[in-house]
Structure formats: structure tokens, C-alpha cells
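To start, the structure under review is shown below, and the notes come after it.
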Amino acid sequence: MIELIIGKYNYWIYIALMMIGFYAMIAKENLIKKIIGMNIFQTAVILFYISMSKVRGGTAPIEWEHAVRYENPLPHVLMLTAIVVSVSTTAVALALVIRIYKAFGSIEEDKILEMKGDRTGKPPESVL
Amino acid sequence: MEIIHSARPLYAMAVSAVAVVLIGFSYERPNLREFWTILAAVVKFAIVMSMVPAVLDGKTIEYSLVTILPGLEIGFKVDPMGILFAATASFLWILTSFYSIGYMRTLKEHAQTRYFMCFAATMTATIGAAFAANMFTLFLFYEAITLCTFPLVGHKETPEARAGARKYIVYLLGTSLAFQLFAIFLTYNAAGTLEFSSQGILAGTASKTMLTVIFVLFIAGIAKAGIMPFHNWLPAAMVAPTPVSALLHAVAVVKTGVFSILRVLFFVFGTDLLVDLDIGTAAAYFVSFTIIMASFVALTKDNLKARLAYSTVSQLSYIVLGALLLTPSSAVGGIVHIANHAFSKITLFFCAGHIYAAAHKTNISQLGGIARRMPWTMAAFFIASLSMIGVPPVAGFVSKWYLAVGSVEALNYPVLVVLLASTMLNAAYFLPITYKAFFEREKEDEYHHGEEVREIPIMAIPLVLTAVGSVIIGLYPDYFIALAREVIR
Amino acid sequence: MISAENLPILVIIIPLISAIITPLVGRIHRSIGWLVALLATSLSFAYSLALIRSVMENGPISYWLGGWEPPWGIEYVVTPFNGFVLCVVSFITIVITLYARKSIEQDVSESKIPFFYSLYLLFFTGLMGIVITGDIFNLYVFIEISALSGYALVAMGRERDALIASYNYLILGTIGASFIVLGIGYLYMVTGTLNMADLSARLPELYDSTTVRSAFAFFMVGLSLKLALFPFHIWLPNVYTHSPSTVSALMAATSTKVSAYVLLRLMFTVYRPEFVLTVVPVTKILLILAALAIIIGSVIALAQTNIKRMLAYSSVGQIGYIILGASIANQTSMTGSLMHIFNHALMKGSLFMVVGAMVYRTGIVNIEDMRGMGKKMPFAMAAFTIGALSMIGFPFTVGFVSKWYLAVGALKADMWYFIPIILLSSLLTAVYFWRIVEAIYFREKSEKLAGLPSEPAEAPFGMTATTLFLSLLCIVFGIAAFIPTKVAAAAAKLLLGG
């Protein structure tokens with residue numbers, strides 16, 4: 001049991017991070033906090049992939065001379081793509097939050113939901 | 001049996017479809033528009049009649065239009081039952097067209113172009129249903145009729161008309177989507193085909209329980225036949241202008257209903273299978289209930305059209321009853337009654353509409369002495385009600401005779417009692433109207449008819465013709481009976 | 001250069017490059033952006049057609065990206081199954097592009113129009129990529145490409161509520177995509193490959209592995225979110241309601257369909273039918289969810305007052321049909337399911353386009369205000385009526401064809417109890433569409449409509465013509481159903497491993 005926890009600690013961390021991120025995305029009222037949760041979630045995914053590619057005592061597969069064991073390079077490459085995706089998603093999300101703030105004057109979900117559907121409502125002066 | 005491949009049934013159908021377009025384009029010229037209606041009606045009748053000799057010779061005309069999917073084919077087959085229905089409907093469309101023109105113009109109704117377009121479209125679908133070669137095609141046109149008639153029922157666009165039209169669509173579309181389509185799915189799954197066959201297609205394909213389920217679903221799904229408890233749309237649809245009630249709810253719509261039931265009974269199940277299943281008698285009693293109940297309700301109605309509507313409900317069940325008794329005579333009676341009832345009921349509706357257009361009377365209690373102003377109309381009404389009751393020599397007698405003989409053949413005396421009782425009831429709700437019109441004095445109160453009330457020729461002539469038609473069929477029924485015998489042979 | 005071997009990549013690369021060009025040439029004149037979009041989608045469609053013809057004649061096509069041999073390189077595969085979806089998606093997109101020009105001029109501010117088309121093309125690229133790729137990680141990348149551009153497209157809606165809809169879509173979409181990428185990771189962990197065909201060959205011996213099963217669970221949840229399968233549908237109504245009309249039409253017609261495609265592809269070609277049917281009987285769960293989606297989607301649609309929202313909930317129900325057919329998983333029902341991908345794209349696309357035309361001309365989105373609309377916009381409302389009949393499943397329309405296949409398929413699988421569900425939903429659909437049809441033709445004009453000039457006023461020609469065109473196709477393919485059915489049946493056979 002102990003071995004399962006200690007021996008694969010990176011996977012446990014990945015699960016914990018994923019749950020933290022997931023919780024924040026679902027439960028947080030603040031839109032920015034949701035985005036932070038999203039980033040944690042995505043980082044967890046990256047950690048998972050990288051853990052998977054780890055070979056004990058392995059090295060990067062660029063050094064041909066001395067090393068005997070290489071780490072699997074493919075997950076690393078995949079995660080480069082995933083990082084790009086994650087950054088773009090964050091960018092879009094942040095841009096949306098800025099516009100939401102301009103339109104509603106708040107980034108608290110419960111306050112926005114109160115205003116939702118109220119088409120005549122103008123955003124507060126201070127924001128504009 | 002010889003089979004002729006010919007596109008003639010398609011032409012018969014398509015004539016009025018073309019007319020729909022032409023009518024739509026000539027909306028600015030009423031006379032031209034009405035000309036298209038009449039022309040289409042006459043041409044359609046001519047095409048239908050041109051197929052009669054071949055059918056009487058025992059041939060069938062087949063035409064396959066398009067195969068949508070394997071097993072789902074739009075195909076036409078002209079057989080005796082189809083031609084009987086098609087000939088009746090297309091002939092009566094000619095008369096109704098003249099009558100409609102008179103009615104719509106006298107009352108200066110709105111949206112006349114839409115009215116005539118929908119009318120022609122309905123006739124297209126009706127002929128399509130009459131010549132349908134398989135259950136899918138029949139279902140298709142059955143639904144098309146519902147759709148095309150919806151604007152006609154709701155024609156007045158008043159809240160009342162809307163409510164009636166809504167009830168109409170809810171009952172007809174609802175039952176057909178929920179039950180009939182279900183039955184079609186089950187039939188296809190069991191038999192692997194939907195093609196009509198004179199032996200039936202379901203025999204030996206599924207368990208008895210399953211077949212009974214399919215049977216019940218079909219009967220419940222064909223609400224157009226007006227079998228209780230799904231009959232309520234018919235009185236509701238009486239908000240429509242009277243020519244619509246006349247053609248559609250005495251001929252096209254309701255007859256498509258009973259026609260579909262006959263198709264299902266004879267060509268999907270087949271007589272042998274029905275005998276085997278032993279559900280005919282139970283269903284016959286069920287239908288008998290409709291006959292009696294509807295007659296009682298009709299007695300209570302003062303509105304003329306409502307009384308006619310309930311009379312229709314009861315008369316339609318005669319046809320179904322004839323089929324369910326499963327004897328040759330009763331089947332002939334049922335099939336012939338399609339035409340007989342059509343002629344007589346359309347006369348009655350024409351009279352009701354004519355009275356409304358000329359004298360603005362809708363209730364029976366207002367009709368005292370009206371025969372003096374409208375003698376032809378009330379005479380025709382009298383003849384047609386004799387037919388409804390089943391007095392010789394008018395058409396209704398022929399079918400009732402065959403039905404009665406059939407019930408004796410089937411040794412089903414309760415049904416005979418039902419027939420006799422309903423005859424009494426028919427007399428009880430029709431004869432007082434004639435009595436009132438001919439023998440009562442005109443009231444001097446607000447129901448006074450006024451001097452200006454007189455018959456309108458373009459409306460009076462068609463109704464006299466249909467009344468004469470009823471008598472002629474009553475005197476010379478051989479033609480129709482020959483066709484009907486071909487069906488069950 | 002444009003030889004037959006290169007077709008698979010051209011289908012993707014042309015819209016991708018055009019997406020980059022559009023904002024640049026859009027500076028010259030704003031209508032050039034639209035022209036580029038139209039050209040790109042048309043070329044993609046033409047190539048898709050060429051592909052499917054070749055596939056139907058000569059069998060599946062495999063394209064190696066950069067010449068790297070799979071399973072090391074990325075592979076694009078065209079089979080009857082995805083060739084069919086490629087054609088559907090690109091075809092619908094062309095029609096919507098034609099429609100978009102006028103509609104977008106009103107919905108989106110002028111300076112943003114070139115960017116709109118850029119995103120539009122990116123979205124399209126993503127969808128086509130999802131469909132054509134044979135590499136599972138590449139699939140994820142394309143999912144994100146289409147999703148990211150989708151979020152931005154939704155946010156371009158006129159009302160500020162569109163921003164909230166877009167934001168929620170982004171959050172849920174990202175959760176869904178992350179689950180998918182986790183599933184991919186688990187699969188890679190045990191098989192060491194990302195190529196779908198290779199996976200399919202290696203997986204059967206690993207069906208007992210917990211890793212493979214958890215991967216499957218991740219895929220299911222992730223895709224259900226993307227697909228808006230009940231109960232993961234909460235993002236969909238808001239997105240369809242608040243995005244610009246063109247985007248609603250595009251998304252309703254293509255994006256959920258493509259997600260359904262991915263689900264089928266994973267369930268039946270990466271995993272094998274025996275896995276989803278017997279090893280982990282996930283189809284049983286999906287059947288229940290699909291049935292619930294069909295009923296609940298219809299019931300909620302009944303209660304809506306906003307027409308776009310009603311159509312959105314109706315989509316939730318229709319997605320249920322697609323999943324239902326796939327989960328019954330016999331030849332007939334699978335054909336029905338695939339047909340419904342195509343058919344629903346046609347009818348929902350045309351219905352959303354009608355609403356767009358109506359909004360363009362009158363600004364009305366409430367069902368209550370649609371009274372008397374038949375006199376104001378006769379052509380658009382005729383298209384609406386056809387679409388409505390098709391949704392009800394009236395014979396002669398495409399809706400009937402797919403329902404027929406689904407019902408017969410259910411009966412063949414001895415699951416007769418789905419027939420009442422299908423029929424009940426037809427009835428509910430009839431109720432919520434027919435009350436509108438009745439209102440637009442038989443009611444007095446609403447106050448809002450009476451305030452506008454009374455003479456008939458259709459939306460601009462481009463919008464009306466394309467809307468009518470799509471709705472007429474609902475009838476054409478309802479009669480000539482054998483054409484798409486042939487392809488769908490071949491695809492279904494392929495999926496079921498026949």
C-alpha cells in the first residue's frame with residue numbers, strides 16, 4: 001500500500017492537482033478563479049504525461065554517446081502541443097472575462113446571473 | 001390476374017397538384033382561378049373513369065413512382081376498391097367545386113385562393129390514398145390529407161375555428177403518429193413488407209398476441225374513421241365552411257379513414273387471418289357501440305351541422321362493421337356504403353350550407369317552414385335523409401340490406417339488432433327536420449326568414465344532382481356491387 | 001500538385017491557410033473575407049466529394065502526413081464513414097457561408113467581419129480535421145482548434161449574455177477536452193501508439209486492463225460533454241440562443257454532429273463493437289441516456305418561449321436519437337443513426353437559418369411575437385414549416401427516413417420499448433412545432449409585428465434562398481433517401497466490423 005503511494009507519488013500528485021483544478025472550475029464563483037482552476041487542471045494533465053514518459057535512469061534522447069536508456073520523447077512533444085492549447089484557451093478565457101467585466105461590471109458569477117437576460121441593464125458607470 | 005403498368009393513377013393524382021400551382025398563380029383573377037378548379041376536377045374524374053373498364057375486367061393497373069428505401073416504396077395500384085373510392089370522390093369534387101364557388105362568393109369569404117389551393121391539394125392526396133399500393137404510401141397520403149385540410153378547417157381564423165382546427169390536428173396527427181405508425185413499424189418488422197396483398201401479408205408472421213396488438217393499434221391509429229373514442233375531431237371540425245365539411249368530412253377525410261381500415265383488414269391482415277384471430281366479433285361489438293352512441297348524441301344536437309357530424313360518425317362505423325363481420329355480403333354492404341353514404345351525406349351538408357348561405361340559419365329549431373322558401377333544397381334533404389335511414393329505393397337501403405344479410409349469415413343477431421335500432425334512431429333524428437321544414441309555420445319572431453331568402457342556383461343544382469344520384473344508385477346498384485364483389489373475390 | 005493522393009490534406013490545409021489570409025485581405029475590402037471563406041469551403045467540399053467517390057470505388061484512402069509511415073507519422077484516413085461526414089460538414093458549411101454574408105453584416109460590427117470569417121474558417125478546419133484524422137492525439141488538437149474558434153464565434157453575439165454563454169461553454173468544453181486528452185494518455189501508456197488503426201489492433205488483448213477501461217470512461221465523459229448528451233447538455237441552450245444566427249446554424253448543423261462522429265469512431269473503430277457491447281456494456285448506459293435525452297429534450301423544448309432556445313432543446317433530444325441508434329448497434333439502427341447525423345444537420349440548419357432571417361428582418365426571437373409572421377415573411381415561414389414537419393418525422397421528409405431506420409432497428413434488436421419513446425417524442429415535437437406553425441399562419445399579427453410595415457418583407461435574397469434550399473433538401477432527401485442511405489449503410493457496416 002505504502003509502495004503504491006510512494007512509488008507512484010507523481011501520479012497521486014497528478015490526481016490531487018486535477019481534483020483541485022476541477023473543483024475550482026466547477027465550484028468557484030469568481031470567473032478568474034475558474035480560469036486558474038482550469039490551468040491547474042491542464043498542468044495536472046501535463047504532469048501525467050511527463051510521468052508516463054519517465055524511465056528510471058533514462059536521459060534525453062539527444063545524447064547518443066554514453067547513455068543506455070532514454071526517456072520516451074513523444075509525450076514531451078505532445079505536451080508542447082498541449083501547452084500551446086492551454087495557453088490559447090487561457091488567452092481566450094481571459095479576453096472573455098475582460099469583456100464580461102466591461103459588460104456586466106462584475107466577474108462574480110452569481111451577480112452576473114442576476115443581471116442575465118436583463119437586456120436594458122447598462123453596465124455601471126465606473127467600468128466604462 | 002392481369003397487371004397493366006401505366007402511369008395513369010399518377011396522372012389522376014397529379015392533375016389537381018398542377019391545379020394547386022395554377023390556382024396559386026392566378027390569385028388576382030378569380031374567374032380564371034375557379035376555371036382551373038373546375039377543369040382539374042373534370043379532368044381528374046375523366047382519368048379515373050377511364051380506368052374503370054379495365055378494373056371491371058379483373059385487371060389491376062400498377063405504377064411504382066419511387067423507392068425511398070428498400071421496403072418503402074411509393075407505388076400505386078388501381079384495384080376495385082380503390083377505383084370505387086376514387087370515382088366517388090372525384091365525381092363529387094366536380095359538384096363541390098361549383099357549390100364552393102357559390103358558397104364562397106355569396107358569403108364573400110376571405111382567403112379564397114388559399115381555400116381553393118388547399119382543396120385541390122386535398123383531392124390530390126385523397127386520390128393518392130385511394131390508389132396506394134402499400135401501407136407506407138397510404139400512410140403518407142393519409143397524413144398529407146390531414147395537413148392539407150388543416151387550413152380549410154381553420155379557414156375562418158376566429159378563436160373558435162382555431163380551437164376546432166387544433167383539436168382536428170391533435171386527434172388526427174396524434175393518433176396516426178402514436179398508433180398507426182407504431183403499427184406500421186410492427187407490421188414491417190413482422191412481415192418484411194408493406195405491400196398490400198389480397199391474401200394479407202401478416203398471416204403466420206407473428207404470435208397471436210402481437211397480431212392482436214397490431215390490429216388494435218391500427219384501429220386506434222386511423223382516427224379518420226371516427227370510431228369512438230377518437231371521434232371528437234369530427235364535430236370540432238364542423239367550424240369549417242360548409243363545402244369543406246361536405247366534401248372533406250363526408251367524403252375525402254372520413255372515407256380515407258374507413259378506406260384505410262378496410263385496406264388494413266382485407267389487404268394487410270386478410271380475411272382468413274382475421275377469422276383465425278377471432279377478434280372480428282369483439283371489434284364488431286365495439287364498433288356497434290359507436291353506431292348507437294353517436295346516434296343518441298346526434299338526437300341531442302340542435303345545430304344542423306353538428307347533428308350531421310354525429311350522424312357521420314355513426315354511419316362510418318357501418319362500413320367498418322361490414323368489414324368486421326367477415327362475410328361476403330356484409331363486406332359488399334360496407335364497401336358499397338362508402339359510395340352511398342358519400343352521395344347522401346354530401347347532399348345533406350350541401351343543404352345545410354345552402355341554408356346558411358341563403359338564410360343564415362344554422363340551428364334546426366330555426367328551420368320552421370323554410371321549405372316554402374327553399375323547396376328544392378329541402379326536397380333533396382328529405383331524399384338524402386331517407387337514404388341515411390335506409391328506405392328503399394334510395395342508396396342507403398342497398399348497403400343496409402347487405403349488412404343485414406351479412407349479419408344473419410354470420411349468425412350475429414346482436415349486430416342485426418344494432419342495425420335495426422340505429423335505423424330507428426336515424427329516423428328519429430332526421431325526419432323531424434323535414435317535418436319542421438315542410439309542415440311548420442314560419443315563425444314571426446327573429447327567426448323569420450324574410451322575403452329575400454331564396455335558393456341560389458349554383459348551390460342548389462349540385463345538391464339536387466347528388467340527391468338524384470343517391471336515388472339512381474338506389475335503383476341501379478349493380479355497378480357498385482359488381483365493383484365491391486371484385487374486391488372480396 | 002493537386003493530385004488525387006493529396007486530396008486528404010488539401011481538405012484541411014485550404015481552409016487553414018485561408019483562415020490566415022482572411023484578416024489580411026479583409027483590410028482591402030471587407031467582402032473579400034467572405035469570398036475567401038466561400039472559396040475555401042467550396043474547394044473543401046469539392047475535394048470531399050472527390051474523396052468519397054474514390055473511396056466508394058477503390059476502398060479506403062490513407063494519407064501519410066509528411067511522408068512518415070504510420071504508426072510513427074500522423075495518418076489521415078478516409079473511409080465511407082468519415083467521407084460521408086466530411087461531405088455533410090463541408091456541404092452544410094458552404095450553404096451557411098452563402099447565408100452568412102448579410103446576416104453577419106448585421107450581427108457583427110464591420111471592423112470585425114474579416115476576423116469573423118477567419119475564426120469561421122478555423123472552426124471549419126477543426127471540424128474537418130477531427131473527421132479526417134487517423135491519429136488520436138491529432139484528433140484532440142483539432143477538437144481544440146474548432147472549440148477555441150467556436151468560443152470566440154459565440155462571444156460575437158449581439159447581447160452581452162453571449163459572453164456568459166461563451167465563457168461557460170469554454171469551461172465545460174475545456175473539461176471535456178482535458179478528459180479526452182487524459183483518455184488518450186491512458187491508451188498511449190499501455191499500447192505505446194497513437195494511431196487509431198494501430199490502437200484498434202492492439203487493444204483487444206488488453207480489454208481486461210483497468211487502464212484501457214478508465215481511458216474509455218474518460219472518453220465517454222469528455223465526448224458526452226462535447227456532444228451535449230443529456231445530462232451534459234447545460235452549455236448548449238445558452239450557446240445556441242445567444243450566438244450570432246449564422247453561428248447557431250453552423251454549430252447546430254455541424255459541431256455536435258462531428259462530436260457524435262468522434263464518439264462513434266472511438267466506440268466502434270478504436271475500441272471494437274464487442275468491447276462496448278459485451279466487455280463493458282456501455283451501450284446500455286447510453287441507451288438510457290439517449291432515451292432520457294429524447295424525452296426530456298422534447299419536454300423542456302415545449303416550455304420555451306424563445307424560439308432559438310426551443311430549437312436548442314430540440315437538438316438535445318435529436319442528439320439522443322443519434323446515440324440511440326448507435327447504441328442499439330445493429331446494421332439498421334446504425335444506418336439510421338448516421339442518416340440522422342445528415343438529416344438533422346439539414347433540418348436544424350434550415351430552422352436556425354429561418355430564425356436568423358427573422359431576426360435579421362424583424363428582431364423577433366420570442367415565439368409569442370411570431371404570430372402572423374406567415375404574412376410578413378412567407379418564404380422563410382414556408383421553410384420553417386417544412387423544417388418543422390421534418391422534425392416531427394412526417395413522411396416524405398428526411399425526419400421520417402431516420403426515424404424509420406431507428407424504429408425498425410430497435411424492433412430488429414427486440415427493443416420494442418424504444419418505439420413508444422420515439423413516437424412520444426414525435427408527438428411532443430409535433431406539439432411544440434405545430435403551435436408555432438399555427439400561430440404564424442392563423443393568428444392576428446402580434447403587437448411587435450403590427451408595429452412594423454405590413455407588406456411582406458423577406459430577408460435578403462442570399463439568406464432566403466439558402467434557407468429555402470436547405471429546407472427543400474429536407475424533402476428531396478426524404479424522397480430520394482436511397483442516395484445518402486447507400487453511403488450510410490456502407491459506413492454502418494464498417495463500424496460494426498462487418
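Scope of the values below: all heavy atoms of this structure, side chains included, with no hydrogens, waters or symmetry mates.
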* Would you say the side chain of Y188(B) lies within less than 4.5 Å of the side chain of W404(C), judging by non-hydrogen atoms? -> yes

Interface check, chain B: of K412(C), R435(C), K486(C), E438(C), most non-hydrogen pairs under 4.5 Å belong to E438(C)

Item to complete: With the side chain counted from C-beta on, respond yes when L72(B) and F400(C) share a heavy-atom pair under 4.5 Å apart, and no when they do not.
Response: yes

Backbone N or O of R443(C) within a donor-acceptor pair of the R162(B) side chain at under 3.5 Å?
no

Applying a strict 4.5 Å limit to non-hydrogen atoms, the region of A144(B) in contact with chain C is backbone

If you draw a 6.0 Å radius around CE in M415(C), do more than 12 non-hydrogen atoms from other residues or ligands fall strictly inside? yes

When rounded to the nearest 0.5 Å, the distance separating CD1 of I422(C) from CG of L177(B) is 12.5 Å

Applying a strict 4.5 Å limit to non-hydrogen atoms, the region of F136(B) in contact with chain C is side chain

The interface call for K403(C) against chain B, heavy-atom contacts under 4.5 Å, is backbone

The interface call for L389(C) against chain B, heavy-atom contacts under 4.5 Å, is side chain

In terms of heavy-atom pairs under 4.5 Å with chain B, the winner among I479(C), V431(C), V408(C) is I479(C)

Bottom line for S176(B): the part with an atom under 4.5 Å from chain C's heavy atoms is neither

request  = Inspect the surroundings of CD in E109(B) and state if more than 12 heavy atoms from other residues, nucleotides or ligands are less than 6.0 Å away.
outcome  = yes

- Query: Is the distance between the ring centroids of F396(C) and F139(B) less than 6.0 Å?
  - Reply: no

Any side-chain heavy-atom pair from V66(B) and F482(C) closer than 4.5 angstrom?
-> yes

* To do: State, with a plain yes or no, whether a side-chain heavy atom of L147(B) is found less than 4.5 Å away from one of F394(C).
  => yes

Review point. Tell me, do P151(B) and F442(C) make a side-chain contact under 4.5 Å, heavy atoms counted?
Key: yes

Minimal heavy-atom distance between A178(B) and L423(C), with the atoms involved, is O-CD1, 3.2 Å

Counting heavy-atom pairs under 4.5 angstrom with chain C, the leader among H155(B), K156(B), R166(B), R114(B) is R166(B)

The interface call for I74(B) against chain C, heavy-atom contacts under 4.5 Å, is side chain

**Item:** F182(B) ring center within less than 6.0 Å of W416(C) ring center
**Value:** no

* Mind checking whether F185(B) and F418(C) have ring centres under 6.0 Å apart? -> no

